[in-house]
Structure formats: C-alpha cells, structure tokens
Amino acid sequence: MTSVAGRVRSVGPLVSRIAAALFGGYALAALASVAVLALPMSTPQAVLTGEMASFLVYAAAVIWVFAVRSALRAWAGLLVVAAPLLLAAWSVW
Amino acid sequence: MSDLHTWVGLLLGWVLYAMFLTGTVSYFKDELSQWMRPELPVQSGVPDQAQVAQRVADELVALVPGSPQWSLRLPDARNNSVYAFWRTAGAAPGQRGFGEGNFDPATGQTVSSRATLGGDFFYRFHFQFHYMPVVWGRWIAGIAAMFMLVAIVSGVITHKKIFVDFFTFRWGKGQRSWLDAHNALSVFGLPFHAMITYTGLVTLMALYMPWGQQAGIKTAAERQQFNAELSAFIQPGKPSGEKAPLASIEDMVRHAQERWGRDGVGRVTATHPGDAAARVAVARGDGGRVSMSPQYLEFEGTTGKLLAVHEGVGPAAETRGVLYALHLGRFSDSVTRWLYFLVSLAGTAMVGTGLVMWTVKRRQKLPDPARPHVGFHVVERLNIASIAGLSVAMAAFLWANRLLPESLADRANWEIHSFFIVWTLTLLHGVLRPAKKAWVEQLWLAAALLALLPVLNAATTQRPLWRSLAEGDWVFIGMDLMCWALAALHAVLAVRTLRHQPKTRPARKPARESVNKPAGGAVLREG
C-alpha cells in the first residue's frame, strides 16, 4: 500500500502538470478566443482574432505549466488568468 | 523545460517528420502533378483564361446538368490542367454529394491522361493523412502542430546560448555533432519553422477553435457575412425553378482580367447554373499577392451583369489571409519557392536529427548497449521506417505512377496503396534486420529508386531528359535533376551510416567525459 501511495506521490505532480498543459491550456485558449468577442470590434473580426490568438495562448500556457516550480502553482496560474477571461466571455455567451 | 522539449518532440516527432517532408515537396505539387500526367502536353505559355473558362464551363453544363454549384480553377504558369469541383443534383442522403475532375484547357474535355491524384496526394496527406476520416486526420495534424509549436518555444528556452550554438559545429563527434546539427538547422530556419507551424494551425483554426464562432455567430445572415470574409464563396440562394442558360463566362472573366491582369484570375464559381437565379463569382488568383483573403467579382448568371466587387475584408480577416498565404507560399515566384523548399527541407532535417538524437543519447546511457530495453527498440525501429522508409515509400509512389497499367481500375488509389504498402514493408524490414543494416539498406534503396526514376521516365514516357532539354521543358528537367540530387543526398547518408563506428564505453561513466571524446568517422546513427 505504501509503495502505491509513494508512486502516486512521485508521479502525481507530473500527471497533474500534463493534464494542466493539455486540457487546462486548451480550456484557457478556448476561453480567450470567446473573451475577445467582448472587445469593441465587429463580431467576424473578433471571432477571427480570437481563433488566431488562441494558439499563442495555448503555447504560452503549456510553457508556463512546465516552467513553474510546482504543479499547484501551474494550476493556480491558469486559474488566475482564466478568471478575468471568464468574466469577459460571460458577457457575450 | 529540456525534458518537455525532448518528450513533446519525440511523441509526435514521427508524425511531424512525415508532415514536414510531404509538406516540403508540396511546394512543388503543381509541378509534380504535371510530371505525373505526362500525357498532357508541355504548356508553353498560360492559355487565355477567359476562353478556357468558357470551354470548361460548357463541358460542365453538359457533364453535370442541374448541379447546384460548380467551381473551376483556371490554368496558370504552373498548372496545365483545370481542376473542377461540383455538387451533384439531388444526391440522396448517404450518397456522395459532390464530384471532381481534371480538364484539358485546350479542349475543355476531361484530361486524357492516366488517373492519378498527382502532387495533391502528398499535399493532402500532409495535413489529413489517409485511410481515415478527414476530420480525424486534421485533428491529429493539429495536435502534432500544437506539439511542434510548444517544442519550438521550449527549444528556444532550452538553448539559451542560441546564437553561440549556431556558430558552433563539431564534426564527427557522435551525439555532440547531432546536437550541433539539430541546433544549427533549428536556428537557421527558426523564423520559418515558427511561422510555418503557427500558420499551419491557422489554416484549420475553425476546426480546432470553434468556440468563438459558436458563441458570436448565430444567424444565417451573420454566418454569411462571416464566410464572406474568408472565401470567395457565394451563398447559393433558392433556385427559381425557371430555366435560363448562363451568360458568357468568357466575358465575365475578361472583365476580371482587365482588373487583375491577363493571368490574374484564379477561380470561377457558379451557383444554380441553368436557373434564372444563377450567380457567378470570378475570384482573383493567389499569384503575386501575399494574402489568401477573397477578392472576387459577383455576376448575375443569366445576364452577365456585374453585381458587386469584393476587394477588401476586415483587418483580422486580412491578417488571417496573409498567415494562410505565408503557409501555402502560392504567391511566390520560382526563386522564393525554392527558398521555401530548402528551408522546409532544413525543417524536415531538424525533426529528423532530433528523432535520431533521442536514440544516440540514450544508447550511451544503456546499461548493456548490446541488449537495449523494449522502449529503445521501438523508437529505433520507428525512426528507421519513418525517416529512411518514408523516402523509399515516396519514391515508390512515383514509380507506381509510371508502372501501374493505365487501364487498372481505381488506378489513382492504387498509386496511393503502393505508397502505404511499401512504407509498411520498410517497417517490417526495419524490425527484422539489425538496426544499422536496416538504415543503410533503406537509404541505399531510396537512393537507387530516386536515381533510376529519370531512367524509368525515359523508358515509359515520350518525355526523356534529352527531349525535355531540347524542348526547354523545365518541369521535367527539374524533376529529373531533383531526383538525382535527392539520390545523391541519400547515398551520402548511407555511406556515412555505414562507415560509422559506434563508440562503446563502459556503463556508469559520467556522460560528460564521453561527449568530449572524439568519435571515429561520423554519424547518421549508431547501429
């Protein structure tokens, strides 16, 4: 039992980071692509801007997740950025 | 960060290598298509686009009567056939609702040439693969491209001394040389690699990131307005049900030629041709314009009256148009095209050296180099088939184009099957033979197939090299010379791999020592 717990403790943070990068990163990019719609520009232009920018957001999020010291900080960082984006996205959804 | 670069690079490295290499040759897809349809005559100049458009339009009216929409791509300096795409009238659910074909600009008839997908095969394979639903393929390509983007950014962060690395090259030092080569190739083409990866994502961004569009664009009118920013597609209205022939397509294209120049027209699209509600769009071509954003003239189909001129889109749509055009490079003249090809080839080599480095690096750390663990074996064998094997398979595709009988049913698909059959065989071969022998044998095979391709071409077509030279047929001359250049490249790699003596060293020595020790000969892989 202890060995299983030990393994979870050693692999867990890495798995958590991978999940944060893959899914958290995508979610953040998707959120950003919708949040752009709140900007004062025409809808088609905003949609395209959001789509183009989303891949840069995704890449930056992945780099962030693996650059910071712990998995917890990685998630925290994603959430901190997500909060204002969510507010902006909320207004247009 | 270094681990991120290694694992992200390796995981999708094989997919990326195939995407890069087939994408690289796609910069010459039109030339490749010409070479693969040797029955079509050499195009000495661009035929008058207005006349060609009328000819093919007449043929389409006869061939697919009642089609709700067809679209044709006019010939230009690089194309000697007209590609047409159409929707079929009243297709039952589950039936193929569209068709496509290539037409001879001189006669307007379907091209009397062997059935082949031509260079379009590599082009399509490069972003949607084959034998699977198109959408799956595109998702895999998108995931690979996203990994690539992350690999590039993390690569730059990993190599802090990036400019020093660029001017450092140590020949014949095993892993160190691989790393230097990988760094030099990456840095040299860095702006291109970053651009091509990002713009690749942009070409299919509506598929990968549909959320903004779903949230912001809801009504049919909004959707129509949105689509108008992206393509010269005219929304087919409702057919009136009243029959009326199309007005002169030739005159409509003439109108466009006055605007964009004699060879400046790209496509002609008609909706509900034959109906009183018909509309025709004549769109500008991609040549000489670094944007794919739509520019088109819209005509009333039955009268030929100009209804609207669309020549501008919003700033974001124009940005997208430029990014898209940068990826495809269709704006380019032949010098730019060759630069694209060479830098893209360097990108392919960057992915390739990265993949090989994984095994080179790990071999030195193996407890017993004679009996590596399973994971190492898998990577090693997949490297062989995906790098050397792909060259063999691509050459085999071109051989199949010349060797398969013209009467063969489903011939165009059999060319493609040949590619995959040969590729599978290289994987089997890579698994069955010792690794080093497999590398050498496959590289030699690729070199031989490429070197003999001009000979095969001379034996099976009316267009051998001496005649191409006499006629100044640069597509065929270029193809023959390129085959020899690539054959030479593969031969050099084969010789270097053969000569290479893997360095053996006792396990558990610190890695740093061996890195600085000179290794005999050089490189391709340790076998």
Side-chain angles (χ1 to χ4, degrees), chain A residues 11 13-69 71 74 82 85-93, chain B residues 1-5 7-8 11 142-143 145-158 194 197-219 222-230 293 313-324:
Chain A
V11 180
L14 181 64
V15 173
S16 172
R17 278 200 210 219
I18 291 173
L22 285 179
F23 306 112
Y26 184 82
L28 195 69
L31 203 55
S33 77
V34 177
V36 174
L37 293 176
L39 291 178
M41 59 205 282
S42 81
T43 309
Q45 302 306 313
V47 167
L48 292 170
T49 305
E51 286 179 349
M52 287 189 285
S54 67
F55 304 110
L56 304 177
V57 173
Y58 198 173
V62 174
I63 301 293
W64 163 262
V65 162
F66 285 96
V68 291
R69 243 179 299 146
L85 290 177
L86 193 62
L87 275 180
W90 204 263
S91 66
V92 290
W93 232 316
Chain B
M1 195 56 67
S2 174
D3 283 350
L4 174 67
H5 182 76
W7 288 103
V8 161
L11 271 178
I143 292 165
M146 200 59 229
F147 271 65
M148 177 85 196
L149 194 60
V150 170
I152 287 176
V153 179
S154 57
V156 171
I157 298 173
T158 304
T197 308
Y198 174 60
T199 54
L201 286 162
V202 168
T203 58
L204 292 172
M205 64 187 186
L207 173 68
Y208 304 141
M209 269 305 157
W211 316 111
Q213 195 174 330
Q214 279 178 15
I217 291 166
K218 297 193 178 84
T219 67
E222 282 172 339
R223 187 159 304 118
Q224 198 172 330
Q225 190 202 350
F226 182 68
N227 287 337
E229 298 275 296
L230 304 181
S293 66
V313 291
E318 195 62 58
T319 307
R320 171 208 168 261
V322 171
L323 293 175
Y324 205 122

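Every chain is numbered from 1, with letters handed out A, B, ... down the list of sequences. What you are looking at is a predicted structure, and each value in this text was computed from that prediction instead of being measured.
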What's the shortest heavy-atom distance between [X] and [Y], and which atoms?
X	Y	value
B:Gly212	A:Val47	O-CG2, 3.7 Å
B:Val150	A:Ile63	O-CD1, 4.1 Å
A:Leu37	B:Ala215	CD1-CB, 4.0 Å

Contact origin within [X] toward chain A - heavy atom pairs under 4.5 Å:
X	result
B:Leu230	side chain
B:Met205	both
B:Leu323	side chain
B:Gln213	both
B:Ala206	both
B:Leu201	both

Residues of residues 23-32 of chain A with any heavy atom under 4.5 Å of a heavy atom in chain B: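 The stretch touches chain B at A:Tyr26, A:Ala29, A:Ala30.
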
Proximal to chain B - members of residues 48-55 of chain A, heavy-atom separation under 4.5 Å: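 When heavy atoms of chain B are the reference, residues 48-55 of chain A contributes A:Leu48, A:Thr49, A:Glu51, A:Met52, A:Ala53, A:Ser54, A:Phe55 within the under-4.5 Å range.
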
Contact leader toward chain A among B:Met146, B:Gln214, B:Gln225, where contacts are heavy-atom pairs under 4.5 Å: B:Met146

For A:Leu14, all residues meeting side chain to side chain contact (heavy atoms under 4.5 Å, CB included), sequence neighbours excluded: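 By the side chain to side chain contact (heavy atoms under 4.5 Å, CB included) rule, A:Leu14 matches A:Ile18.
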
Pair listing, side-chain hydrogen bond (donor to acceptor under 3.5 Å, both in side chains) test, anchored in residues 197-209 of chain B, at least two apart: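 Output for this query lists B:Thr199-B:His327.
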
